[in-house]
Amino acid sequence: MSSGYSPCLLGKVISNVKESFLLNLITIAIIANSFFIFSAFLMIFNNLNGILKKVGEEKIQINVYLEEGLSEEEVSGIRQQLSNLAAAESVLFISQEDALVHLKEIFRGKEKILEELEVNPLPSSFEVRLKNDLSNIQEMEHLVKKVSQINGVDDISYGQEWVEKFSKFVGMIKCTGIVLGGLLLLTIIFIISNTIRLAIHSRQEEIEIMKLVGATDYFIKMPFIIEGGLQGLSGTLISLGTLFLLYRFFITRAATFFGINFNIFSISFLSFEVTGGIVIGGILLGIFGSLVSVERFLKV
Amino acid sequence: MIRTYHVNKVYGDNIQALKDITLKIERGEFVFLVGPSGTGKTTLLKLLFGAEKPTSGQILINNINITKIKRSQLPYLRRKIGFVFQDFKLFNYKTVFENVAFALEVVGAKRQEIKTKVQQVLGMVDLSNKTDEIPLNLSGGERQRVAIARSLVHNPFLILADEPTGNLDSHITLDIINLLGNINAFGTTVIVSTHNQEMVKRYNRRFIGLERGRIVNDKLSSDFSLVGAAG
């Protein structure tokens, strides 16, 4: 005599999963697909921000040109003031002679142009590298104004146009990323909620029979809620696992094939916190999606 | 046992399914609820089962006012009221044994208790030799007997059958009604809704005739004559 019944809750969940195996598989596949797209977007966005930050680091410097005829003490004083700036990482003095050598390197092959110069027209300067912080770009103008007020400073250059454009570009990327990420998140919430709703709708008759024979709301709801949570967990784990494998493949094999060293840009996977957040988000989405859908049928 | 007082049920804006239903059914009675399709038979059974609430009026079952019952209490009421549908409402992927056992699983019955009870009720409906079959492999009459067996597991005081023989041949119909009659003989109140006048005439039972949501007859079938009934 068959007696394939499972009185305990976990047993009920297991038997539910077995009975609706294909439906569960499809739901998990949709959840996995949705979260894969979202996680990939997050990873690309994070790394893009990192690359921009690194590019920005190399450009975050200002050149402080000095007036002619300053004494060693005055130059030393200016160096001290520049070093004391909170945003300054390093201060490098470039004498007139050093500047001319550098100019000759630029004009290599055309030294005859420089032979016409009777006097070295180049001023001495300080090259001030700023600390690795993109906000320094946004506060550049304020910094430049402060430096220009130091006695002995003749002129300052920092690639104004580049900094403004770069700052706007970074801001635009961030805004776009947030908006797109938000829209993507809403989309996957909508897709997953609907998928779960349709899955539970297809088991409407099962819920009706349970109500008919006197099952309590708790008895009816809990297996579906646990199933939803498991679907969310499975879907997010599959999506993150797939993304990780693709990431490793891309970093190692594809990099070797194309001869690109991605270590230069330190392409990284999602952080532990973000990964954990995605998994928890998936579980909660599965749970609440199921809860809302089952409640609808319990009220009928 | 069952008392209804001026029960009305209106759907939507103005679709009155039941009008001023006042009736009394005593414990142990066997009652046919008769009328053509659309006269409110199913609606009345749903109200007695607590699946819907009346728009107005009161319904008392064993002195419990089910119009005021909380949703959390409904499952416990339904365990004492068996409901049999025209389309059986069985799990097609579970065996006969599992379908009947399910009604005991939901109350957390122990494995041995389930086994004993399921064997007992399957014996009552003469399906002891079909426990491992799935409903798709059974005849219509056998499926209905499984549904009836499931409705018996909690020893209900009331069985409501909504057109239980609607999808069945005439000789199977007699089997099912006879089975319900046997259950009634043990003291369970049985209410069967049907549009089949011929079936009602065969049995010397009380019948309540409905027409356009109103009770138009309430008598023994030996006095059967239903105004405007369609078979």
Side-chain angles (χ1 to χ4, degrees), chain A residues 1-27 198-228 231 290-300, chain B residues 46 49-52 70-85 87-116 118-119 122 128-134 147 150-154 156 160 162:
Chain A
M1 178 184 301
S2 68
S3 55
Y5 55 88
S6 307
C8 73
L9 183 58
L10 186 60
K12 184 87 181 71
V13 174
I14 293 170
S15 70
N16 276 359
V17 169
K18 279 185 195 171
E19 284 159 10
S20 312
F21 186 71
L22 187 60
L23 193 58
N24 269 292
L25 212 58
I26 291 168
T27 306
L198 288 169
I200 288 177
H201 182 80
S202 71
R203 295 163 72 176
Q204 188 180 357
E205 198 180 7
E206 183 183 337
I207 296 173
E208 279 179 18
I209 294 173
M210 285 197 270
K211 284 163 65 179
L212 170 68
V213 298
T216 58
D217 284 2
Y218 175 87
F219 185 92
I220 296 172
K221 277 194 290 197
M222 284 311 294
F224 284 104
I225 289 169
I226 292 174
E227 239 182 282
Q231 286 165 352
S290 296
L291 181 63
V292 167
S293 300
V294 171
E295 273 292 340
R296 278 190 66 220
F297 291 114
L298 288 178
K299 282 189 176 134
V300 173
Chain B
K46 279 185 177 176
F49 191 58
E52 293 182 25
K70 287 182 192 169
R71 189 175 126 182
S72 58
Q73 296 300 313
L74 265 179
Y76 303 101
L77 174 70
R78 286 181 182 163
R79 290 172 196 178
K80 300 312 272 180
I81 300 177
F83 206 116
V84 179
F85 290 86
D87 59 353
F88 323 124
K89 296 261 188 253
L90 299 173
F91 291 114
N92 287 326
Y93 50 85
K94 288 185 190 286
T95 64
V96 165
F97 186 96
E98 288 164 350
N99 265 287
V100 179
F102 185 73
L104 289 163
E105 285 173 38
V106 303
V107 302
K110 292 189 170 33
R111 193 178 283 265
Q112 188 53 47
E113 185 189 338
I114 292 174
K115 190 174 170 186
T116 307
V118 171
Q119 284 173 342
L122 284 177
S128 298
N129 60 338
K130 301 270 185 177
T131 53
D132 290 341
E133 296 285 349
I134 59 171
R150 183 180 61 193
S151 73
L152 293 175
V153 289
H154 295 304
L160 305 171
D162 188 13

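In the text below, chain A, chain B and the rest are named by the order of the sequence lines, each starting its count at 1.
- Rounding to the nearest 0.5 Å gives a distance of 7.0 Å between CZ of B:F91 and CZ of B:R150.
- A donor-acceptor contact shorter than 3.5 Å links the side chain of A:S290 to the backbone of A:F224.
- If you take CG on B:L90 and CZ on B:F85, they are separated by 11.0 Å, rounding to the nearest 0.5 Å.
- Residue B:L74: no heavy atom, backbone or side chain, is found under 4.5 Å from chain A.
- Heavy atoms of A:E208 lying under 4.5 Å from chain B belong exclusively to its side chain.
- Contact between A:I200 and A:S293 at its shortest, heavy atoms only, is CD1-CB, 3.7 Å.
- For B:F83, the parts sitting under 4.5 Å from any heavy atom of chain A are the backbone and the side chain alike.
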